[in-house]
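Both backbone and side-chain heavy atoms feed into the values below; hydrogens, waters and symmetry mates do not. In the text below, chain A, chain B and the rest are named by the order of the sequence lines, each starting its count at 1.
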Amino acid sequence: MLDLNKIRENPELVRAGLKKKGVAVDFSALLNWDVARREAVFQADQLKNQKNSTSKTIPELQKAGKPIEPILEAMKTLTAQIKEAEVTIATLEGHIETFLLDLPNVPDEDVVGGGKENNEIVSTYGQPPVFDFKIKDHVELAKEKGLIDYDRGTKLGGNGFWVYRDKGALLEWALINYFVENHVADGYEFILPPHILNYECGSAAGQFPKYADEVYVVAGTKEEKNLQFMIPTSETALINLYRGEIMNEAELPKKMFAYTPCYRVEAGSHRASERGTIRGHQFNKVEMFQYTKPEDSERALEELVAKAEKLMQGLGLHYQVSKLAAEDCSPAMAKTYDIEVWLPSLGIYKEVSSASNARDYQARRGKIRFKREGQNRTEFIHTLNASGLATSRLLPAIIEQFQQPDGSIVIPEVLRKWVGYERI
RNA sequence: GGAGGGGUACCGAAGCGGUCAUAACGGGGCGGUCUUGAAAACCGUUAGGUGUCAAAGCCACGUGGGUUCGAAUCCCACCCCCUCCGCCA
């Protein structure tokens with residue numbers, strides 16, 4: 001959610017920011033509601049003040065044996081007026097909230113406008129491997145080695161599901177272990193959250209109400225705001241861990257990571273470039289998350305990107321880092337870097353990590369604040385998240401990039417202690 | 001799923017229609033006296049949110065409604081916790 005004060009102070013600036021995200025807004029209605037709301041709140045407060053002070057005199061009058069009837073009428077009128085004012089306030093607040101909840105975050109100043117085509121490659125690691133033999137693609141390799149059973153996955157769950165088997169399951173689990181080991185070593189707290197979340201979680205994360213149709217609903221409806229849904233990314237759980245809370249300055253930054261499968265409806269047809277495990281309804285991901293003070297979030301984003309890159313380098317994979325243009329960032333994010341791994345068979349780079357700074361956008365929606373040492377004022381914290389990493393595109397990249405002329409696949413050194421094989 | 005009990009400050013807990021939210025009382029925290037030091041004892045102090053330059057004001061007794069001149073207190077709905085029963089891969 002955007003800061004209404006900022007919109008009030010400089011609507012043009014916010015408008016220009018949102019324009020980079022391809023959103024055209026007119027704040028005039030919002031600003032009118034805001035003025036009316038503050039006026040109504042002021043009036044209601046005055047009436048309440050009058051009511052409170054009058055009410056206090058009643059027991060005194062009774063004690064003194066004086067009649068109270070004359071003021072009861074006045075009290076009744078006051079109560080009615082207050083109620084009326086509160087209905088007005090609630091209506092205006094409803095309008096304001098609906099308006100604000102619908103707006104995406106304002107991108108950072110250094111984020112360019114426009115869509116994907118404006119993404120900027122900021123760095124590259126390694127070189128695309130050169131093969132002097134006819135390479136196989138990840139689907140072929142995974143089938144041949146019995147790592148992934150696509151057909152039986154479909155039999156169990158339908159299109160978009162697969163089964164990791166045998167060395168494939170070991171490899172998948174090894175990746176998760178490798179990530180966990182790294183994050184723990186870096187002092188991040190390990191979190192295993194519920195896989196079913198409630199409506200407020202989706203709302204605070206910035207995914208609801210807009211994207212409520214893209215999650216698997218288990219119970220309830222979005223209209224009644226009581227729905228429970230399958231977790232689409234651990235980020236949704238992690239942002240909500242401290243929803244509605246006020247933290248101490250000393251607790252920040254709070255660094256954590258979680259592992260969960262991610263469940264997504266992903267409506268729409270799949271492309272040739274998304275065969276196999278590239279896009280599915282359920283995939284494994286380890287997610288890093290930070291709650292920081294506003295002045296620290298910039299640095300935290302760099303840290304998260306560096307951590308994701310470290311994991312990639314440990315695996316020895318060729319990848320690139322892109323800085324996303326405004327429209328390619330999620331609505332809640334002010335700035336996002338994607339880490340994209342090279343898939344030789346397709347000749348393209350595919351996202352394996354998305355690292356973003358939401359600044360105070362999610363914190364406002366989730367009312368997550370902190371208090372500075374010795375200060376009474378509360379401030380919204382900043383939240384950041386980054387995959388670290390998603391496995392469903394890494395495993396294809398590993399088996400493709402590390403395939404050998406003899407048809408075998410060399411397992412990255414860092415994974416061997418869990419996989420138990422040097423090559424498969 | 002059923003029955004009962006409960007949700008008040010950092011924790012425990014009192015209050016059960018008015019002057020009770022700078023929220024009794026106890027504990028904790030902080031400061032002090034005493035002590036070589038500590039413990040104990042004693043004395044003092046501390047307590048949410050919003051708003052504002054600062055105030056005032058307003059809001060806050062799980063959440064949302066209702067009754068009433070007035071609600072922590074009465075009524076309704078919902079959420080959560082505890083106990084017992086049922087179900088249980």
Side-chain angles (χ1 to χ4, degrees), chain A residues 1-9 33-94 96-98 100 156-157 193-204 208 217-230 237 240-252 254 261 360 363-381:
Chain A
M1 191 148 64
L2 297 180
D3 184 354
L4 185 52
N5 288 320
K6 263 188 197 147
I7 298 175
R8 195 156 51 210
E9 280 159 24
W33 290 328
D34 179 44
V35 170
R37 191 198 108 248
R38 288 193 293 160
E39 174 68 18
V41 167
F42 178 74
Q43 281 182 354
D45 278 5
Q46 291 217 314
L47 290 168
K48 284 176 186 173
N49 179 219
Q50 211 177 322
K51 178 186 158 188
N52 288 342
S53 49
T54 308
S55 181
K56 256 180 203 164
T57 63
I58 292 179
E60 288 161 16
L61 290 172
Q62 281 179 319
K63 224 175 197 173
K66 290 179 184 158
I68 54 167
E69 284 68 30
I71 57 174
L72 292 192
E73 263 321 296
M75 286 288 285
K76 244 179 197 168
T77 313
L78 275 177
T79 304
Q81 286 176 323
I82 288 166
K83 192 166 243 176
E84 202 178 309
E86 279 183 336
V87 169
T88 307
I89 293 166
T91 307
L92 290 167
E93 281 180 345
I96 292 167
E97 189 177 274
T98 305
L100 289 178
L156 298 187
H195 293 187
I196 295 177
L197 304 172
N198 59 25
Y199 187 88
E200 288 75 29
C201 290
S203 179
F208 293 175
V217 173
V218 180
T221 65
K222 67 173 173 180
E223 286 73 24
E224 292 178 77
K225 297 190 174 174
N226 66 349
L227 66 74
Q228 292 183 297
F229 61 100
M230 300 298 291
N240 280 284
L241 224 44
Y242 290 91
R243 168 157 47 86
E245 298 192 27
I246 297 171
M247 299 163 116
N248 296 324
E249 182 178 14
E251 291 177 77
L252 299 171
K254 209 172 252 305
D360 64 1
R364 281 179 189 281
R365 294 174 79 104
K367 296 197 171 40
I368 309 166
R369 293 168 287 180
F370 79 103
K371 231 182 233 186
R372 289 185 197 274
E373 202 61 42
Q375 291 227 345
N376 281 324
R377 206 161 62 85
T378 59
E379 287 175 62
F380 287 103
I381 53 139

Chi-angle category of B:C59 [syn within 90° of 0, anti beyond]: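 B:C59: anti glycosidic orientation.
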
Over all heavy atoms of both residues, which pair between [X] and [Y] is shortest? Give the atoms and the distance, please.
X	Y	result
A:R365	A:S203	NE-O, 2.7 Å
A:L197	A:A237	CD1-N, 4.0 Å
A:A204	A:G366	CB-CA, 3.7 Å
A:L2	A:L100	O-CD1, 4.2 Å

All stems with RNA chain B, defined as three or more consecutive Watson-Crick or G-U pairs under 3.5 Å: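 The stems that RNA chain B takes part in, listed by first number, are B:1-7 with B:79-85, B:10-12 with B:25-27, B:28-33 with B:41-46, B:48-50 with B:57-59, B:62-66 with B:74-78.
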
With sequence neighbours left out, what residues match [X] under side-chain hydrogen bond (donor to acceptor under 3.5 Å, both in side chains)?
X	value
A:D34	A:R8, A:R37
A:Q43	A:E39
A:D3	A:R364

Shortest side-chain distance from [X], nucleotide among [options]:
X	options	answer
A:R369	B:U67, B:C58, B:U50	B:U50
A:N49	B:C58, B:U50, B:G66	B:C58
A:P59	B:U19, B:U67, B:G48	B:U19

All side chain to side chain contact (heavy atoms under 4.5 Å, CB included) counterparts of A:V218, not counting sequence neighbours: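 Partners of A:V218 by the side chain to side chain contact (heavy atoms under 4.5 Å, CB included) criterion, ordered by chain and then number, come out as A:I196, A:M230.
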
A:T77: partners by side chain to side chain contact (heavy atoms under 4.5 Å, CB included), with sequence neighbours left out: A:Q81

Check the distance between [N]'s [atom2] and [X]'s [atom1] and give it to me in whole angstrom.
X	N	atom1	atom2	answer
A:E60	B:C20	CD	P	11 Å
A:D45	B:A55	CG	C1'	15 Å
A:I89	B:C58	CD1	P	14 Å
A:R38	B:U50	CZ	P	17 Å

Ring pair (Phe, Tyr, Trp, His ring centres under 6.0 Å) partners for A:F229, two or more places apart: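 Ring pair (Phe, Tyr, Trp, His ring centres under 6.0 Å) list for A:F229, sorted by chain: A:F208.
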
Distance check, [atom1] atoms only: [N] and [M], in whole angstrom units.
N	M	atom1	result
B:U73	B:U8	C1'	12 Å
B:G49	B:A9	C1'	13 Å
B:C79	B:C69	P	32 Å
B:G1	B:G17	P	34 Å
B:C82	B:C30	C1'	34 Å
B:G65	B:C11	P	26 Å
B:A60	B:A77	P	23 Å
B:G48	B:A72	C1'	16 Å

Side-chain atoms of residues 243-250 of chain A: list all donor-acceptor pairs with protein atoms under 3.5 Å, sequence neighbours left out, distances to 0.1 Å.
{"from": "A:R243", "atom 1": "NE", "to": "A:N240", "atom 2": "OD1", "distance (Å)": "2.5"}
{"from": "A:E249", "atom 1": "OE1", "to": "A:E373", "atom 2": "N", "distance (Å)": "2.7"}
{"from": "A:E249", "atom 1": "OE2", "to": "A:K293", "atom 2": "NZ", "distance (Å)": "3.0"}

Name the nucleic acid region contacted by [X], choosing base, sugar-phosphate or nothing; use a 4.0 angstrom heavy-atom cut-off, strictly under.
X	result
A:T378	sugar-phosphate
A:K56	nothing
A:K371	sugar-phosphate
A:N52	sugar-phosphate

List the atom pairs, donor and acceptor, that lie under 3.5 Å between side-chain atoms in residues 47-54 of chain A and the rest of the protein, sequence neighbours left out.
{"from": "A:K48", "atom 1": "NZ", "to": "A:E86", "atom 2": "OE2", "distance (Å)": "2.9"}
{"from": "A:N52", "atom 1": "ND2", "to": "A:K48", "atom 2": "O", "distance (Å)": "3.3"}
{"from": "A:S53", "atom 1": "OG", "to": "A:N49", "atom 2": "O", "distance (Å)": "2.9"}
{"from": "A:S53", "atom 1": "OG", "to": "A:Q50", "atom 2": "O", "distance (Å)": "3.1"}
{"from": "A:T54", "atom 1": "OG1", "to": "A:Q50", "atom 2": "O", "distance (Å)": "2.6"}

Salt bridge (charged side-chain N to carboxylate O under 4.0 Å, His left out) contacts in which one or both residues fall within residues 69-83 of chain A, not counting sequence neighbours: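 Non-adjacent pairs meeting salt bridge (charged side-chain N to carboxylate O under 4.0 Å, His left out): zero.
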
Atom pairs, protein N/O to nucleotides 68-70 of chain B N/O, distance under 3.5 Å:
{"from": "B:G70", "atom 1": "OP1", "to": "A:T79", "atom 2": "OG1", "distance (Å)": "3.1"}

Every protein N/O within reach of nucleotides 72-81 of chain B N/O, cut-off under 3.5 Å:
none

First of A:K83 and A:A44 reached from the 5' end of RNA chain B, by closest nucleotide: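 Final value for this comparison: A:A44.
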
